[in-house]
Amino acid sequence: MFWADKIAADAQENQVVNDSKTPSGRVHVGSLRGVVIHDVIYRALKHAGKPSKFLYGVDDYDALDTVPYYLDQEKFAPYLGFPLCNVPSPDNSASDYAKYFMGEFLGVFEYLGVKPEVYYLRDLYRSGRLNSYIDIFLKNAHLVREAYLEVSKARRPDNWYPFQITCENCGKIATTVVSDYNGSEVFYTCKPDATDWVQGCGHSGWVSPFDGNGKLPWKVEWVAKWDLLGITIEFAGKDHSQKGGSRDVANAVCRKVLRKQPPFHSPYEFILVNGTKMSSSKGVGSSAKEIAELLPPELLRFLMLRTQPKTVINFAPNYETTTRLFRDYDALIDKYQALSPDVQPESALPEDLMPLFYAQLDGVIKPYHPLDLSTLISLLQVPHLDIRQEIERRSTQPLSEYDWQIANQRISVAQKWLADYADEDEKLVLYLDRVPEKVKDLTHEQISYLRQLTHSLADVKLWEAEELQTTLFATAKELEMQQPVAFKSVYLSFLGKERGPKAGALLSYLERDFVVARLRDVVQVNTSQAALVAE
RNA sequence: GGGUCGCUAGCUCAGCGGUAGAGCAUUCGGCUUUUAACCGACUGGUCCCGGGUUCGAAUCCCGGGCGACCCA
């Protein structure tokens, strides 16, 4: 059974699925994995007929702990230690820092068809909805300390309380330490040496911890959220999930203080992005937004679904990985179309088609006539080629409107890929000015073929793709050569590679004189070299 | 130093107690012309290593190696 369906099958009704994110900067594509995993669990629950909710929390009361390299250091350094919702936005498009970066992330949600109920921690705190939990955890600070010690071996001082006040004097939340609680107010100090990355101002005093004046440490805050919102399923990245890690601590706090079972949990692996070479040099790479700009939403969902949560996904936007993603997706589309109509209702799909099903934004698989991305990448690089005309000409069946929609989408992907991600040696380069080095590898048989071509091509009546293609074949036949061997010699002469777009078409875009001259040059280079060797 | 996850065909992965699988790549064959959008076939694996449990282990347990990541 597909992994998400298995979870759904084992679950009771009325599940509340939750995920959350600290909006501290641009979001890496790896963060999308959690989003999609939770979305698919939610969809699987609905699919299994178990009504459920899907929540997404924005942890915007967390402190700004570093200024990302792409922001103005001088402008933001003074806000280090501030709650993210109190840091100004990098530009006018948002009210504050947290909303700015979350906005970018939510844009990707929408793109992926992920529709959770989004809530902001600032609202939970300021509205007082977390007040009772704050009181409970402050009163039971000793139990929280115990949990920290037992689970993560982290010893807290006896007067340590699980709470941080936003300093009334300097506005920082990361630097304050609470050391007493009288039931309505806490005593806190904004310590200069509380962290090694920002200094507190030294202010101290009694103040109410309620209604947004401060926050719980996030492991404890996590527990408060679980209980307040009735969360029953929440996975976490492997980083938080290990023994003694934050999830483990939160679970212990939940059991010890609230005496309740924590939500169902399982760790998920990361997405590794190789190919850092191209991303760093060209300034494009691996933010969620950038990957979303390259891959259509279904493909991006598919990327994260076809691999089980506990297996690492290795995605690099290089030729091999990118074209394979599309090919694999199309293979499932074909498989779906091959099903007999009576299994079409999605409930009865074979397991290997489930990733395709859950990759759809609206839960409906719409088949189309696949066009291989690698082919489009090739065609786009042939000079003077009208790609849509070419697609039409090559299709065995007339393309529907939806087929064209997909085709156009894929053309954009191919263009984007060529512009932003392709390495030089992955691009098709026509050697217009010089003979490619590689022609030295040509065999005698291939040389004779090319020599023969200088004559047969010179005689071609109509310099046009079909006729040229025919001539290439006919000449190979004349010399009783294997077709692939013959074609390779042509590609090597013009592209320096063994493969290329349909050779007749390729030549038709070039001038006849140039083609014949080039072939003569190639023959020349090789015969003079042969002469040298002979001496 | 401790921990988590992974290690199966060249590559990406499935299988998770009962005769080792898929796709892609490779190779070969066909192709009076889909040669970077054809068709067909064949290859290809001490399932990381070593022990143990079992009638039987890729699958469970222990130890080790390597990799990714986390904590200290």
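Every chain is numbered from 1 and lettered A, B, ... according to where its sequence line falls, protein lines coming before strand lines.
Within the shown strands, nothing qualifies as a pairing partner of B:U53 under the Watson-Crick or G-U definition with both distances less than 3.5 Å. When both pairing distances are held under 3.5 Å, B:C42 makes no Watson-Crick or G-U pair with any nucleotide shown. Using the Watson-Crick or G-U wobble rule with both distances under 3.5 Å, B:G1 pairs with B:C71. Under the Watson-Crick or G-U wobble criterion, with both distances below 3.5 Å, B:G17 has no partner in any strand shown. With a cut-off of 3.5 Å on both Watson-Crick or G-U wobble distances, the partner of B:C7 is given as B:G65. Pair assignment for B:U32: none, as no Watson-Crick or G-U wobble contacts are both less than 3.5 Å.
Between B:G50 and B:U59, the two P atoms lie 12 Å apart (nearest whole Å). B:G51 and B:A57 are spaced 13 Å apart, taking the P atom of each and rounding to whole Å. The same atom, C1', is picked in B:A9 and in B:C24; the two are 12 Å apart, to the nearest Å. Nucleotides B:C7 and B:C47 are separated by 10 Å at their C1' atoms, to the nearest Å. When the P atom is compared between B:U26 and B:G65, the two are found 38 Å apart, to the nearest whole Å. Comparing the C1' positions of B:U27 and B:C13 gives a spacing of 23 Å, expressed to the nearest Å. B:G10 and B:U46: their P atoms are spaced 8 Å apart (whole Å). Look at the C1' atom in both B:U34 and B:G40: the space between them is 16 Å, to the nearest Å.
Checking A:F473 against A:K310, the closest nucleotide of RNA chain B that is more toward the 5' end is the one next to A:K310.
Under a cutoff of 6.0 Å and an axis angle of 45°, A:R301 and A:Y358 do not form a cation-pi pair.
Note on A:T307: every side-chain N or O is 4.0 Å or more away from OP1 and OP2 of B:A14. The side chain of A:Q308 contributes an N or O atom lying less than 4.0 Å from OP1 or OP2 of B:G15.
Across the protein-nucleic acid pair, A:Y268 atom OH and B:A68 atom P stand 21 Å apart, rounded to whole Å. Remark: P of B:C38 and CG of A:D334 are 12 Å apart, rounded to the nearest angstrom. Rounded to whole Å, the distance from CZ on A:R410 to C1' on B:A37 is 13 Å. One atom, CG of A:D328, and another, P of B:C24, lie 9 Å apart when rounded to the nearest Å. Rounded to an integer number of Å, the gap from A:M354 CE to B:C13 P is 21 Å. For the pair A:W3 CH2 and B:C16 C1', the computed distance is 18 Å after rounding to whole Å. In this entry the distance linking CD of A:E269 with P of B:C13 reads 11 Å, nearest Å. Here B:U34 presents its P atom at 19 Å from CG of A:L376, a figure rounded to the nearest Å.
Looking at A:R145, its side chain does come within 3.5 Å of a backbone N or O of A:D158 through a donor-acceptor pair. A donor-acceptor contact shorter than 3.5 Å is absent between the side chain of A:T311 and the backbone of A:T307.
At a threshold of 4.0 angstrom between heavy atoms, the contacts of A:T321 with the nucleic acid are absent. Within the 4.0 angstrom heavy-atom criterion, only backbone atoms of the sugar-phosphate kind lie near A:R327; the bases stay farther away.
In this structure, the ring of A:F2 has its center no less than 6.0 angstrom from the ring center of A:F357. Not less than 6.0 angstrom separates the ring centroid of A:W218 from the ring centroid of A:Y61. For A:F473 and A:F487, the gap between ring centers is short of 6.0 Å. For A:F235 and A:Y268, the distance between ring centers is not under 6.0 angstrom.
Checking B:C11, B:U33, B:A37 against the side-chain heavy atoms of A:R324 singles out B:C11 as nearest.
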